[in-house]
Number of protein chains: 2
Amino acid sequence: MILSSRRKRVTIKDVAQAAGVSTQTVSRVMNKFSYVSEKTRQRVETVVEQLGYNPSALARSLSQQRSYMLGVVTFGLKYIGPSRTIYGIADKADELGYMLLMKEIDNFNINSIDEVIDSLLARQVDGILWVAPEIGNNHAWVEEQRAKIIVPVLFLAMRPRSGISSVSTDNHHGGVMAVQHLLDCGRKKIGHISGPLNWWEADERKRGWRETLEKAGIGPSEQHCVEGNWSSASGEQAFIQLLETFPGMDAVFVANDQMSLGVLREAIRRGIRVPEQLAVIGFDNIPESAYFYPSLTTIYQDLQLLGEQAVQSIVEMIQARQENRSIAPQSRFLQPTLVVRESSGCVL
Amino acid sequence: MILSSRRKRVTIKDVAQAAGVSTQTVSRVMNKFSYVSEKTRQRVETVVEQLGYNPSALARSLSQQRSYMLGVVTFGLKYIGPSRTIYGIADKADELGYMLLMKEIDNFNINSIDEVIDSLLARQVDGILWVAPEIGNNHAWVEEQRAKIIVPVLFLAMRPRSGISSVSTDNHHGGVMAVQHLLDCGRKKIGHISGPLNWWEADERKRGWRETLEKAGIGPSEQHCVEGNWSSASGEQAFIQLLETFPGMDAVFVANDQMSLGVLREAIRRGIRVPEQLAVIGFDNIPESAYFYPSLTTIYQDLQLLGEQAVQSIVEMIQARQENRSIAPQSRFLQPTLVVRESSGCVL
DNA sequence: TCCTATTCTGTTATCGATAACATGTTATTA
DNA sequence: TAATAACATGTTATCGATAACAGAATAGGA
C-alpha cells in the first residue's frame, strides 16, 4: 500500500450536506459564539467527527484577511544563538496561536531582502520578525522600504531607530558588567577580544569595555583590543596576538563564550594559569561554558526570553492594528546578568 | 508617522483595471508561458511595476490546491543538533522554492501530535518533515494515524519502518567506527557513556560499541556502560561512576560531545591524563570540540546534509504525487565519519 | 477565396471558508 | 393580544487567484 493515498479533502460543504444544513451553520458551529440550536450543534458536531473535518485555515485566512502566521526572517540559523531565539519565538507563538513561516537569508543585498519580504507578504503573514544581526549598514533598507511593508515589523538585536520597534539585549551594559566584575576582583590591566566590529552587538560590548575602563581612570588603548570573528579559532589567534601587544594583561573580557574557549585552551598550552595569572570572562553563557576548564565566568543573555518578548510585542502590534488603534513604536532592551564561575577567580 | 499604515493590498483586479484587460490576462502575464501579445504584456508589466503588485500566494494556493510550503515539526530546537538540521532544511527548501511552516512540539502525547498535524494540513502544506527524535514508542502513532495524513511525510532520525520514508544518520556504524578506532589505537578496556537509552539514536550507538567489542573477542559487560542524558553535567557524573565500576578502563566512547566535555573536565581535575592514561572519543563534532583540551576525537554526523537530503526527498515525493506516479517509501542512511584529534592519542 | 490552425483575450466557475444581509420562528413584554 | 426582542437558519457576495471554456482575430495552406 502506498502512503498518503490521494484522498480528497473534507470541506465545509461535505459536512453541510451530510448534516443537512447550510455551510454557514457549520461555520457557526465551528467558530462557537453564535446562535445555533443545541440539536443542530450536536448533529453537526457528530458529522464533523465522523468525516474528520479539518477546516482549511488557508480559505479562512483569505476570507478574513488574517492568517495567524508570523513571518520570521533569520540569519545564521546554524549557530546556537539564533536557534535559541527561535526556540523562544516558537514557544510563545504556539502559546498565542500563531504559526511561523520561516525564511533564512544568506546575504543582505537589497534584492534578496525585497524578495523575502514579498514572499512573506504574499502569504499574508500578520507580522514579521527580523531575526538577523545588524552588520555594517545592512539595515539601511529599513528606512526606505518600510513604507511598502503593510504589516507590523519588529526587529531583534537592532540599534534603536526612531519610529521602529525593536527588542535587543543591552550589550553595552553587558560589557560594562563584565569589566566592572574584573575591576571588582582587583584586576587592572584588562584586555578585550571583540567580535567583528561591524556587528552592532560586538561594537556595543566593546564600548562597554572602553567606557568602564575610562570611568575607572584606566585609559584603555586600542592596542589592548583585538578583533575576532566569534569562532574559537579566532579567539585563540586573537589571544596570541594580545599577549604580544599587551604583555602585562591580567584579565581579558572576551566577547563570546566560543572565543573564550580558544583563549582557555591556549592559556593551558602556554602554562598561563587561569584565573591566578589571568582572569577570563565571556559572553552568552552557552550551556557548555559551565564545563570549560576552568568553568567560565560569563555574561548571560537570555535569547529565549528575547524571542518570547518579540512575539509578545508583535502580537500586540497586530492586535492594535486590527482594532485600528495606533501603538507607538519603541525600542526595548533586555538586561543580561553576570554568572560568576571559576575563570574570573573571585566570588564576590 | 506610524509604521505600517493600513494600506490596502494591490490585487490582480486593480492591475487588470488599470491596464484595461481582464484578470485572466494579468494572470497569464504573471505566470509566463501562455499566449499574450507583446504589447499587452508590456502594458501589464508596466502597471504591475507602478502599483507594486505582489500576487497573493494564499489565493494561488487555494485555487491550485498547492501551497509550496513544507510543514516542519521540531523537538528540542533549543539544542544545537536540531537547529543544524533546520539550517540544512531551510537552505534546501529555499533553493527548491519552498517555504517552511514550523511547529515545535514539547511532548509526544497523541492529542498534541494530532493537533500539530491538523494545523499543518489546514494550511495546505505540500508535505511534512518530522524532525523529532524517536524516544520510547513516541512514534507509535505513525502506524495508526498515517492514513489520515493526506500528504507525503518524511521522518528524520527514525528507526526504519517498512512502508515509511525516513532519512537518518547511521548511528550504529558511527558507534562501530568509534570503538574500532580505539581498538586500532591499541586500547582494550573500552567503556561507554551512552545517551538516554530510550532514544533510538543512543541505543544504536551503544549497540555499535557492544557489537564491535564482541567481534574483537572482548565481551563487554553492562558494568562498563553508564547512561547519561546528553548534558555535560551528566557526562561528568557518568564518568565518575564508570571510574568505580570499571577501574582498569583505558578508553571511553562517549555518545556525544557535550558529555565528553564533562569527562575531560573531570579527568583534568583528577589528574587523569588524556589521552595517555585514558583515550576519549565523542560523537557529533560540534564546532567547539576542536578546542576542547585536549581537542576531541569524535564521530562527525552531518546534520546539515541530513536536512538537505530530507527536503530533496520529500520534494521528490510531492512531485511524484502531483503527477500521480507512485514512489516506493524507503529508509535511507547517511554515513558519519571519523575525525581524529588529540583525545584518542593516535593518528593512524 | 475559403478553411483550418494558431494566437490572443474575455467570461464563468471554482478553491474553502466567512461577512453581511434576509427571513422565519420562538419567547418576552407591554 | 399585538409588538418587540432574541434566537435560529439560509442566501448571496466576497476574499484573490487559477482552470476551463469560448469567442475573436490573425496567419497559413489548399
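Scope of the values below: all heavy atoms of this structure, side chains included, with no hydrogens, waters or symmetry mates. Letters A, B, ... mirror the listed sequences (proteins, then strands); counts begin at 1.
- Mapping Arg41(B) and Arg60(A) onto DNA chain C by nearest heavy atom places Arg41(B) at the nucleotide closer to the 5' end.
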Identify all pairs in which a protein N or O lies below 3.5 Å from an N or O of nucleotides 3-8 of chain C, and state each distance.
| from | atom 1 | to | atom 2 | distance (Å) |
| --- | --- | --- | --- | --- |
| dT7(C) | OP2 | Tyr35(B) | OH | 2.4 |

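- Under 4.0 angstrom from either OP1 or OP2 of dC15(C) there lies no side-chain N or O belonging to Ser56(A).
- In terms of heavy-atom proximity, Met30(B) sits nearest to Val48(B) at SD-CG2, 4.0 Å.
- Closest contact between the side chain of Asn31(B) and the listed nucleotides dG16(D), dT18(D), dT18(C) involves dT18(D).
- In this structure, His139(B) and Trp130(B) have perpendicular ring planes: the angle between them is above 60°, well past the 30° mark.
- Nucleotide dC15(C) holds its P atom 20 Å from the CD atom of Gln64(A), rounded to whole Å.
- In this model, the phosphate group of dG16(C) is approached by a side-chain N or O of Gln65(B) to a distance below 4.0 Å at OP1 or OP2.
- Put simply, CE on Met30(B) is 8 Å from P on dT18(D), counting in whole angstrom units.
- One can place CD1 of Ile12(A) at 14 Å from P of dC15(C), the figure rounded to the nearest angstrom.
- Note on Lys13(B): a side-chain N or O is less than 4.0 Å away from OP1 or OP2 of dC15(D).
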Problem - Intermediate values then yes/no, side-chain contact (heavy atoms from CB on, under 4.5 Å), Leu101(B) and Arg123(B) - result: CA-CA 9 Å; Leu101(B) 197 54; Arg123(B) 289 191 161 80; 3.6 Å; yes
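- For Asn31(B) against Arg60(B), the heavy-atom pair with the smallest separation is OD1-NH2, 3.9 Å.
- Both Arg28(B) and Leu62(B) sit near DNA chain C, but only Arg28(B) has its closest nucleotide nearer the 5' end.
- Side-chain N/O atoms of Thr25(A) include one lying less than 4.0 angstrom from OP1 or OP2 on dG10(D).
- Under 4.0 angstrom from either OP1 or OP2 of dA19(C) there lies no side-chain N or O belonging to Ser63(A).
- More than 12 heavy-atom neighbours from other residues, nucleotides or ligands sit within 6.0 angstrom of CD on Gln65(B).
- Look at NZ on Lys39(A): it is 13 Å from C1' on dT25(C), rounded to the nearest Å.
- The interatomic distance linking Tyr53(A) (OH) with dG16(C) (P) rounds to 10 Å, in whole Å.
- OP1 or OP2 of dG10(D) has at least one side-chain nitrogen or oxygen of Ser22(A) nearer than 4.0 Å.
- Arg332(A) and Ser313(A) share a side-chain donor-acceptor pair at under 3.5 Å.
- Summarising the geometry, the separation between CD on Gln124(B) and P on dA17(D) is reported as 17 Å, rounded to the nearest angstrom.
- The distance between atom CD of Gln24(A) and atom P of dG16(C), rounded to the nearest whole Å, is 17 Å.
- Considering all non-hydrogen atoms of both residues, Phe108(A) and Ile113(A) come closest at O-CD1, 3.6 Å.
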